[in-house]
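To keep things clear, I will list the structure first and then write my remarks on it.
Values reported hereafter were calculated over all heavy atoms of this structure, with side chains retained and with hydrogens, waters and symmetry mates removed. Just so you know, residue 1 is the first one in the sequence shown, and it goes up from there.
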Amino acid sequence: MEKNKLFEKIPMEGIRNIIVVASGKGGVGKSTVAANLAIALARNGMKTALVDADIFGPTIPTMFGIEDARPDVSAIGDKELIFPIEKYGIKIISIGFFIDRSQSLIWRGPMASNALKQLFEDTQWGEIDYMIVDFPPGTSDIQLTTVQKLNLAGAIIVTTPQEIALNDARKASSMFTTPDLEVPILGVVENMSWFTPAAHPDEHYYLFGRGGGMKLAKEFDTKLLCQVPLVMEVGEAAEKGRNVFQQTNKAAVEAFETLAGQVMEAVEDQKTNK
C-alpha cells in the first residue's frame, strides 16, 4: 500500500481534540483513567466523547453500567449511521455494544482495525470538544491504525510506579515519538501511586515503589499530569458501573479533577507551540 494512502486521515468533522490513553501493559488502570478523565472533562462543561478501542476486551460498557445498551442504527442510502450511547453527558461507543458479552472475537488484525475505523467513521458524534480514546495494551494494529488515521491532539501514558510497568510504558511512549507518527505526548499519569488506610488518612504507603511516573515523564520530556492513589473503592465502583465522582474518597476525586485541568492546559499549550 502506498504510504500516502496508508496515512490518509478519517474526516472527523466537529471533533476538536482527539486524545488517546495508552499503556504498554494491562492491569495499570488505563481504562479507569480514560473513563474518569472523560467524566471529569464533561463535569468541566466540555462536550465529551469516549471511544473504547479495545476491540478484543472492551471494558467501558461495564464501567458505565451500560453493558446491555444497544446504539440506534439508521440506514441512510447505502450507509448505516450509528448513534452513540450517552451517559454522564458523554457520548460513548464500544464494540461491546454490538456483541454478546460471552462472545469471543476471533479476528485477525486487519478485521479488528476495520471494525474500529467503522466505529469512528459511522458514528454520529456532533460537536465534540474532547474525544478520549481508550487504547488496548501494547502497540499493535489497533494503535497504529488509530494514530495513522486520526489527527490526534496528543497521547496520555498511564503507568504504575514499578520498573516492570515503566519498561512497557516506555515502549508505548516510543511508538508515538517515531518520526513517521510524531504524536505529542501530553503527559504521564501515575496510577496506584500510594495506598492510604481509611483509619490513617495522613499516611502514604508506596506499595509499588515511588517516582516511576516522574522518571518516565522526564525521559520523554513531558510532564507528570497527576498521581492517582490506590483506592479499593475505585476498582469496585468500576465493576458496578459507577465512577470516581460518585465515591467519597476525596483524594481520588481531586486526582481526576487535576488530570482534567492538566490535560486541557496541555492541549492548549500544544496548539500555541505549533
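Here the closest non-hydrogen pair linking Ile95 and Leu119 is N-CD1, 3.9 Å. Between Asn44 and Ala260 the shortest heavy-atom distance is ND2-CB, 4.0 Å. Taking every heavy atom of both residues into account, Leu37 and Phe256 meet most closely at N-CD2, 4.2 Å. Residues Asn191 and Pro161 approach most closely at O-CD, 3.5 Å, considering heavy atoms. For the residue pair Ile66 and Ile85, the shortest heavy atom distance occurs at CD1-CG2, 3.9 Å. Considering all non-hydrogen atoms of both residues, Ile185 and Ser173 come closest at CD1-O, 3.7 Å.
Not counting sequence neighbours, the partners of Tyr206 by the side-chain contact (heavy atoms from CB on, under 4.5 Å) test are Trp194, His204, Arg210. Judged as a salt bridge (charged side-chain N to carboxylate O under 4.0 Å, His left out), and not counting sequence neighbours, the contacts of Lys79 are Asp122. Partners of Asn243 by side-chain contact (heavy atoms from CB on, under 4.5 Å), not counting sequence neighbours, listed by chain and number: Asn36, Ile39, Tyr88, Phe245, Gln246. In terms of the side-chain contact (heavy atoms from CB on, under 4.5 Å) criterion, residue partners of Asn167 (sequence neighbours excluded) are, by chain and number, Glu163, Arg170.
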Working for side chain to side chain contact (heavy atoms under 4.5 Å, CB included), residues Lys9 and Lys149: CA-CA 4 Å; Lys9 301 296 185 180; Lys149 293 295 185 180; 5.6 Å; no
Walk me through whether Met264 and Glu268 qualify under side chain to side chain contact (heavy atoms under 4.5 Å, CB included). CA-CA 6 Å; Met264 289 188 286; Glu268 292 308 311; 5.8 Å; no
Starting from the C-alpha separation in whole Å, work towards a yes-or-no answer on side chain to side chain contact (heavy atoms under 4.5 Å, CB included) for Gln162 and Leu166. CA-CA 6 Å; Gln162 69 265 51; Leu166 290 179; over 6 Å; no
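Checked for salt-bridge contact, Lys91 and Glu127 miss the test: no charged N lies under 4.0 Å from a carboxylate O. Between Arg16 and Asp129, at least one side-chain N (NZ, or NE/NH1/NH2) sits under 4.0 Å from a carboxylate O, which counts as a salt bridge.
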May I have the list of side-chain donor-acceptor pairs in residues 19-30 shorter than 3.5 Å, sequence neighbours left out?
from	atom 1	to	atom 2	distance (Å)
Ser23	OG	Lys25	O	2.8
Lys30	NZ	Asp134	OD1	3.0
Lys30	NZ	Phe135	O	2.5

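Contact annotation: the side chain of Met131 approaches that of Val133 to within less than 4.5 Å [non-hydrogen atoms, C-beta and beyond]. Side-chain contact check for Leu150 versus Met12: some heavy-atom pair is nearer than 4.5 Å. Two residues are said to be in side-chain contact when any heavy atoms from C-beta on lie closer than 4.5 Å; Pro110 and Asp141 meet this criterion. You'll find the side chain of Asn17 stays beyond 4.5 Å of the side chain of Ile128, heavy atoms only. Two residues are said to be in side-chain contact when any heavy atoms from C-beta on lie closer than 4.5 Å; Gln262 and Glu265 meet this criterion. For the pair Thr32/Val234, a side-chain contact is recorded, criterion being any heavy-atom separation below 4.5 Å from C-beta on. Counting heavy atoms from C-beta on, the side chains of Phe195 and Pro197 come closer than 4.5 Å. Taking the side chain as every heavy atom from C-beta outward, Phe98 and Ile93 approach each other to under 4.5 Å.
Counting non-hydrogen atoms of neighbouring residues, nucleotides and ligands closer than 6.0 angstrom, the CD1 atom of Ile164 reaches no more than 12 such neighbours. More than 12 heavy atoms of other residues, nucleotides or ligands shown are found within 6.0 angstrom of CD on Glu203. No more than 12 heavy-atom neighbours from other residues, nucleotides or ligands sit within 6.0 angstrom of NZ on Lys47.
When the side chains of ILVMFWY residues are joined at heavy-atom separations under 4.5 Å, either directly or via intervening members, Leu216 and Phe208 end up in two distinct hydrophobic clusters.
To the nearest 0.5 Å, atoms CE (Met175) and CD1 (Ile157) are separated by 7.5 Å. If you take CD on Glu67 and OG1 on Thr59, they are separated by 10.0 Å, rounding to the nearest 0.5 Å. The CG atom of Leu116 sits 10.5 Å away from atom CD of Gln118, with the distance rounded to the nearest 0.5 Å. Taking CZ of Phe120 as the start and CD1 of Ile82 as the end, the distance is 12.0 Å to the nearest 0.5 Å. We find the CD1-CE distance between Ile92 and Met63 to be 11.5 Å, quoted to the nearest 0.5 Å. Rounding to the nearest 0.5 angstrom, the gap separating the NZ atom in Lys223 from the CG atom in Leu186 is 9.0 Å.
For the pairing with Ser113, the side-chain contact (heavy atoms from CB on, under 4.5 Å) check across Thr146, Ile55, Leu144, Thr145 returns one residue only, Thr145. Each of Thr159, Val231, Leu207, Leu230 was checked for a side-chain contact (heavy atoms from CB on, under 4.5 Å) with Met192, and the lone residue meeting it is Leu230.
Judged purely by atom type and a 3.5 angstrom limit, Thr178 has no side-chain atom pairing as donor or acceptor with the backbone of Phe176. Panel note: side chain Thr123, backbone Trp125; no donor-acceptor pair is recorded below 3.5 Å.
Grouping Ile, Leu, Val, Met, Phe, Trp and Tyr residues whose side-chain heavy atoms lie under 4.5 Å apart, directly or via other members, places Leu81 in a hydrophobic cluster with Ile76, Phe83.
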